[in-house]
Structures are given as structure tokens and as C-alpha cells.
2 protein chains.
Amino acid sequence: MNEQEFLASYDPRAYPAVAVTVDVVALTIREGALHLLLIRRGEPPFAGHWALPGGFVRPDEDLITGARRELAEETGLGGERLHRIHLEQLGSYGDPDRDPRMRIVSVAHLAFAPDLPDAAAGSDADEAGWLPVTALPGRQLAFDHARVIDDGVERARSKLEYTPLATRFLAPEFTITELRAVYETVWGQPLHAGNFHRKVLSVPGFVESTGASTERGGARGGPRAKLYRAGDARLLHPALLRPAREEAVR
Amino acid sequence: MNEQEFLASYDPRAYPAVAVTVDVVALTIREGALHLLLIRRGEPPFAGHWALPGGFVRPDEDLITGARRELAEETGLGGERLHRIHLEQLGSYGDPDRDPRMRIVSVAHLAFAPDLPDAAAGSDADEAGWLPVTALPGRQLAFDHARVIDDGVERARSKLEYTPLATRFLAPEFTITELRAVYETVWGQPLHAGNFHRKVLSVPGFVESTGASTERGGARGGPRAKLYRAGDARLLHPALLRPAREEAVR
DNA sequence: AGAATAGTGTCTATTAGACACTATTCT
DNA sequence: AGAATAGTGTCTAATAGACACTATTCT
């Protein structure tokens, strides 16, 4: 910050007002499909359109705290349940005309949540719901939220490669098959069951055995599966890479 | 954004003022060491401390444009030279007390630049310079910029793994040895020359031959090296991974 | 001449992925 | 019984990395 800016900073109103909001791309997996928490707007602009949960950052909270608060408000969650949701900063969106009312810079966040009850308890009058990410109503998304969502989904796909965060989509105890379903759903492609199984167990700290097994086998047959919980690794080494995507390279 | 927030947004002054700045972690390589563009502050707060180049985002520019403008002001660069510098958003920093004057959310950016002339031509009265990233005066950094710089350097290290952006630290034509020096400098460890050479040439689209060679061999002997320029790949596949870092995993 | 470097050859260990197969549990 | 699934075995191709070596160019 140079001197001119420093002097100006004594009177922030010398600069046009900018508002800062925190928005959340909250992802979960329902019925084998990636879902996203959206709010249906009741008022213009973009009345009737779907928007990401979010709002102005408050004076006393930092950015991720604001995002967690918004997430709590819209999901009705608190305490332990809320803190098991993975939350990270995604990026900021600040094109001058992204909001027709005024200059708003949105700091978007990305959340991975296990399948949650539908009711958005502490929410307001607007309709809230988990919508499948594929088959989102492209033109029905408010502001630049389609782009934010795209960035969030791509970040999620990438994060599953080199972090153990896929477990955050699941209950504290899970089977390898459930974990594989997370990868298949987020990446949008089937994975080889046997190779996936061996790979997951070979990565140090990815999962650890609980010693227990499921009560029943699969609905259509098959043995009971062993149960695991998340291990202590923060990074997967070696990583679980997506099948090569030629188009992504050039 | 819910209704309450929507209504509030009609009068942004109903919320305490927040200012948005864009800051730049601009990295380059000089004399075999990673250097960073810093500005010495002339006025409080943090007078005499070093700070990242940056300033308020202007009403008519988006975030990355603001960052590019700040970079241009401090480096004195423009046109082609400026646009060869890689610039991406790094992340936003908005702890309520990160600036003692008022609530400021900083959208930090990360730049990779070739070695540039020292003069910060279009700059202001404050002193500007490229400082080595190791041996930065920890307590002499203003605001939370030490953390921003750490995040930027870590992002740079990671980006070199799976993108061809190391070439952005070099002139348009470079040798494989120069490219290896970039990796060694940013990662802070020596790499095996022979294996690196073969690996780089084996990644599709990373580099392409110019057909030419250097005029002279190395200063202390050795054959002339072939010259390459950046290829058309946007991602490296397979990636050039850093030697395993046990401590990073857990 | 002697040293340093560019670039290639070769071998081994690790990993990814294809495929096969057994054991278990479902309807 | 028949089908589906959990988990393991085995083989091959790709890759990382260690090491050796040649050819070239410097002082």
C-alpha cells in the first residue's frame, strides 16, 4: 500500500463503497448424485432464481467464520455436526458488475458435508434445498454463481486426488465401497472396485480400520464389508489421480 | 443472500465500512535465489516495515485487473512485458484486526516474473525492491503479509509440480538447465540433472525445441545447450512431483 | 590437460491398471 | 440356486530415481 492509498484510507468513503459477502458452495452426496445447497431468492434482483447461501461478512468475524455462520443458518446445524463439515476458502469474485445494485466482492467458500436432513431449520422465508449439480438450471442461477459453482466442483474433484477429504462426505465410519462411491460421484466416472480398494488401503493414513463390519451385506447380496474411519493423513501420498483427461492438458 | 441481507444491501452504510485491496506476491529468481517484490512503508501503521505491493481496488476494474495495475505501477512495466508475467488469484485475507485502521479485506494475487530491471519506475516515494524470500525480516513485515507470502511461496512450489509455469520465470527461450534451476530454487533442493532433463522432454507440451543452441557452453566448461520455449500444455501430465516430504503428509 | 556440463543409456523399485478369482451374503 | 459384492492375487505397462557414461566446451 503506497502513501496515496494510505492517506485515502483515513477516509474510506473517499473511495466508492464496496461490500464484502461470504458465499458457500456446499456439496453433499445424495442418492448417488452430487448435490449443492441453494437458496431460492424471493426478491429482486434475480427473484425466483437460485443463489448460493451467503451474506455480508460481519464486523467482528473473519471470512471463514462468516462462511461457517452462513452454513449453520441455512443447514440448521451447530456444534459437533457443523464442525465435521469441511470448509475452505475457494476464491473471490469481484467483477464490477456482478451485482446490479452495487460493487460487491464475494469471498466464496467450499464445503463438503455428509448427507444432511433436508430442513434448513434456522433459515429465513426463502426456499432452501439441496439440488443436484448436474441438471442445475443454468440460467436460473443468480449473479455469477454458475461460475462459482463450476470452480467449486472442479476444486472438489481436484481435492479428492491429493487429500483424504472424500471421507467428509461420509459418516464417521464407512466402508471402502462407500468411499469409492464418493469418488465415482464427484469425478463422474466409474472406478475399478478391486484396484480402488487396494489403493486406498495402501496409502498411509488415509483410512484406519475400526475392527468392525457392517451388520448386513449389500442389498443385492455380497459379504459384509469392513468399516473404516478417516486416518491422520492430511495429504495422500501417493495421490489418487483421476484417470487421464487428455482434454485438460492442452 | 437471504431477504434480510437483501434489504440491508439497499443501504450499504447500514453495515460498517469494509475496504477491499488487491495485493501481489510477485516472485522472481535472481542470482539463484527466490526474490519477492516489497515496498518499504513510509508512514504508519508499520512505517519502515516492508509490505506487499497493493492498494484499493478501483470501482471500474475487476480484481485481477487491479492486481495487474499494482504490479505495473511498482515494476514500471507495461504492454507485452507485463502480460508475460503470470498472475493468478492467491486468496483473500480478512481477519477483522489485520489492519489497525479499519476493516480491510485483501485479495492477494501471485505473480511469476522473469528477472526484471531493478527500477520501480512508476512508483511512489516509498522504497521498492526485490528481496530474497529466505532471510526476509520476519518481524519487519507489515500486517499479515508474512502469512500471505508463506501461502504464496507454497502455492508456487505446488504449481510447479503440475503446471508448466516454471517457464514464466525465464526468458522466452531457455535451456533445460535454466529450467531446472527454477525448480531447484523454488523447491529449495537440488534435482538430478540427467533425470530432470529426460523427464521434462518426456512430458507432452511442456517445452518445444527452437532448433538453436546457446552461443557458448557453461562458464566453467561443458557443451552448448539446446534452446527451448514453452510448449502448449496447460497441465503437466504426468506431473513433476517434489521429492516426497514426509512431514507434509501428517 | 583437467574440470565441468549436456545429454543419453540402463537398471531397479514403485505404482497404475487390467483381469481373474474366491469367499460371503443377499433374494 | 443364482446373483451380487468384498476383498485378494497376478501380471503388465508406465514412471521415478539411482547410477554410469559419452561428448562437448570451458579455463
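By convention in this document, chain letters (A, B, ...) are assigned in the order of the sequence lines, proteins followed by strands, and residues within each chain are numbered from 1. Quick note: numbers below take in every heavy atom, side chains included, and nothing from hydrogens, waters or symmetry partners. Please read these numbers as outputs of a predicted model, since none were measured by experiment.
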Which whole-number value in Å describes the distance from [X] [atom1] to [N] [atom2]?
{"X": "H237(B)", "N": "dT15(D)", "atom1": "NE2", "atom2": "C1'", "result": "11 Å"}
{"X": "E184(B)", "N": "dT5(C)", "atom1": "CD", "atom2": "C1'", "result": "13 Å"}
{"X": "L201(A)", "N": "dT15(C)", "atom1": "CG", "atom2": "P", "result": "15 Å"}
{"X": "R242(B)", "N": "dA16(D)", "atom1": "CZ", "atom2": "C1'", "result": "17 Å"}
{"X": "F196(A)", "N": "dG17(C)", "atom1": "CZ", "atom2": "C1'", "result": "14 Å"}
{"X": "Y162(B)", "N": "dT15(D)", "atom1": "OH", "atom2": "P", "result": "20 Å"}
{"X": "E178(A)", "N": "dT5(D)", "atom1": "CD", "atom2": "P", "result": "14 Å"}
{"X": "L241(A)", "N": "dT15(C)", "atom1": "CG", "atom2": "P", "result": "12 Å"}

Do any side-chain nitrogens or oxygens of [X] fall under 4.0 Å of OP1 or OP2 in [N]?
{"X": "K199(B)", "N": "dA16(D)", "result": "yes"}
{"X": "R220(A)", "N": "dT5(D)", "result": "yes"}
{"X": "H192(B)", "N": "dG17(D)", "result": "no"}
{"X": "H197(B)", "N": "dA6(C)", "result": "no"}
{"X": "R180(A)", "N": "dA6(D)", "result": "yes"}
{"X": "R216(A)", "N": "dT5(D)", "result": "no"}

Both P238(B) and G221(B) contact DNA chain D. Which one's nearest nucleotide lies toward the 5' end? P238(B)
Using the rule given for side chain to side chain donor-acceptor pair (under 3.5 Å), can you reason through Y93(B) versus D23(B), listing the C-alpha separation, both sets of side-chain angles and the distance that settles it, and then say yes or no? CA-CA 10 Å; Y93(B) 297 80; D23(B) 290 328; over 6 Å; no
What contact category does [X] fall into here, base, sugar-phosphate, or nothing, at under 4.0 angstrom with non-hydrogen atoms?
{"X": "R224(B)", "answer": "sugar-phosphate"}
{"X": "G194(A)", "answer": "base"}
{"X": "A193(B)", "answer": "nothing"}
{"X": "T177(B)", "answer": "sugar-phosphate"}
{"X": "G217(B)", "answer": "sugar-phosphate"}

Decide, yes or no, whether a salt bridge links R224(B) with E215(B) under the criterion of side-chain N to carboxylate O below 4.0 Å. no
Just compare dA6(C), dA23(C), dG9(C) and give me whichever is closest to any side-chain atom of R198(B). dG9(C)
Side-chain contact check for K226(B): nearest option of dT15(C), dT8(C), dT8(D) is dT8(C)
Applying the Watson-Crick and G-U criteria (both distances under 3.5 angstrom) with [ ] for crossing and | for other-strand pairs, one obtains for DNA chain D |||||||||||||||||||||||||||
Enclosure of R81(B) CZ (heavy-atom neighbours >12, cutoff 6.0 Å): no
Other residues, nucleotides and ligands only: do more than 12 of their heavy atoms fall within 6.0 Å of CZ on R220(A)? no
With no hydrogens and no angle check, is any side-chain donor or acceptor of [X] less than 3.5 Å from a backbone partner on [Y]?
{"X": "E208(A)", "Y": "G231(A)", "value": "no"}
{"X": "E70(A)", "Y": "A67(A)", "value": "no"}
{"X": "K159(A)", "Y": "A166(A)", "value": "no"}

Comparing N195(B) and G222(B) on DNA chain C - which has the more 5′ nearest nucleotide: G222(B)
Measure the OH-CD distance between Y183(A) and E161(A) for me, rounded to the nearest 0.5 Å. 9.0 Å
